Amino acid sequence: MKLATVSELLAWATKNNRAVCAFNVNNMELIQAVVNTADKMGLPIILQISKGARNYASMPYLVKLVEAATSTIKIPVALHLDHGDSFEICKECLDAGFTSVMIDGSHLPFEENIVLTKRVVEYAKKTGASVEGELGQIAGIEEHVQNEYSLYTDPSVVAEYVKRTGVTSLAISIGTAHGAFKYKAPNPTLRLDILAEIQKQIPNTPLVLHGASSVTPSDVETINKFGGKIEKAYGVSESVLAQTIPLGVRKINIDSDIRLAFTAKLREHFHKNPEHFDPRQYLGAAREHVTHVIRRKLESFSK
Ligand code: G3H
Ligand code: 13P
Ligand code: ZN
């Protein structure tokens, strides 16, 4: 399997003042939708796998699906572990051929975060893989932590963290939130002032934005129109998110918008085609619908 490292993709993004989109994937349909859309657009992407994705599909399936998806395409694709919560899970993914891992020690005290992250960086050197660290905590549900409020990244400690750990990139908290239930009020904004200060401290470190789904209103409406019950919520718009790119954000994580799009099409499809029972009919329709979200993200952040 010929995969790119995230470092290579971040270097491309830095040179061109763009960000690489990192999409969470759990199954064949999502992997195909992401890889084929990006390939058509000629843009690099990161496929990222969470612990939840591994529990759902299992590592061998996910790795083989990515191998199959990347066997015929021209664009560079990296395979990344999202929110790794221990040295062991990072090691397992690196041994399985992932070209990048995130070690998320953001909930730990500063010194413990450094020790854990440094251990992963040392191990990743063996395979030449990249390592993403995190400082600050973003609101919403991550697989191991639920945060009600954001704990913004403190710009005064980022330089020390990067220097002592040797991370490739740094995930930061400036007001985005995980999940589909982000903000109750419309037009949430970001702390671009904190971001600018972080960039001043570590101008050569690519920054990563988690929780970057915008909670696509049309997909939420479709879900609710066809029998779903999704609470009304707002994410940061793509145009506001794009303002982070000139300030050093080079990787943008998207999961929830894809989930919403997939679910919206499934609900609509079943409503309009009550006689269908062949999974290829409805999963194929959902796979096709998801490509519109992927295209929109790539247009907004990578072009
Ligand atoms: O940030 C977390 C991602 O959205 C992964 O979510 O743990 O439900 O797969 P998951
Ligand atoms: P969203 O829930 O906003 O899609 O964020 C995904 C993410 O940050 C994955 O790490
Ligand atoms: Zn995340």
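What you see is a predicted model, and the numbers here were worked out from it, not measured in a lab. All values below come from the heavy atoms of this structure, side chains included, with hydrogens, waters and symmetry mates left out. Remember, it's 1-based here, ligands and their atoms both numbered in the order they're listed.
Here the protein heavy atom with the shortest distance to atom 8 (O) of ligand 2 is G211 N, 2.8 Å. Scanning all protein heavy atoms for the shortest distance to atom 9 (C) of ligand 2 gives D82 OD2, 3.1 Å. K182 NZ, 2.5 Å is the protein heavy atom nearest to atom 3 (O) of ligand 2.
Polar contact check, S50 against ligand 1: a nitrogen or oxygen pair lies under 3.5 Å apart. Considering backbone and side-chain N/O of G179, one or more are found under 3.5 Å from N/O of ligand 2. Every N/O-N/O distance between D257 and ligand 2 stays at or above 3.5 Å.
With a heavy-atom cut-off of 4.0 Å, S50 does not touch ligand 2 at all. The part of N24 lying near ligand 2 is the side chain, judged by heavy-atom distances below 4.0 Å. Residue-level proximity to ligand 2 for A212 is carried by the backbone, the only part with a heavy atom below 4.0 angstrom. Contact annotation: for N253 versus ligand 1, there are no heavy atoms closer than 4.0 Å.
Minimum-distance N/O/S atom of H210 relative to the Zn ion (ligand 3): ND1. For H83, the N, O or S atom closest to the Zn ion (ligand 3) goes by the atom name NE2.
Taking every heavy atom of D255 and a limit of under 4.0 angstrom, the matching atoms of ligand 1 come to 3 (C), 4 (O), 5 (C), 6 (O). Atoms of ligand 1 found under 4.0 Å from any heavy atom of N24, numbered from 1 in the order shown, are 3 (C), 5 (C).
By the 30° and 60° cut-offs, the orientation of the rings of H178 relative to H210 is perpendicular.
Which of M102, H83, R259 comes nearest to atom 2 (C) of ligand 1 through a heavy atom is settled by distance: it is H83.
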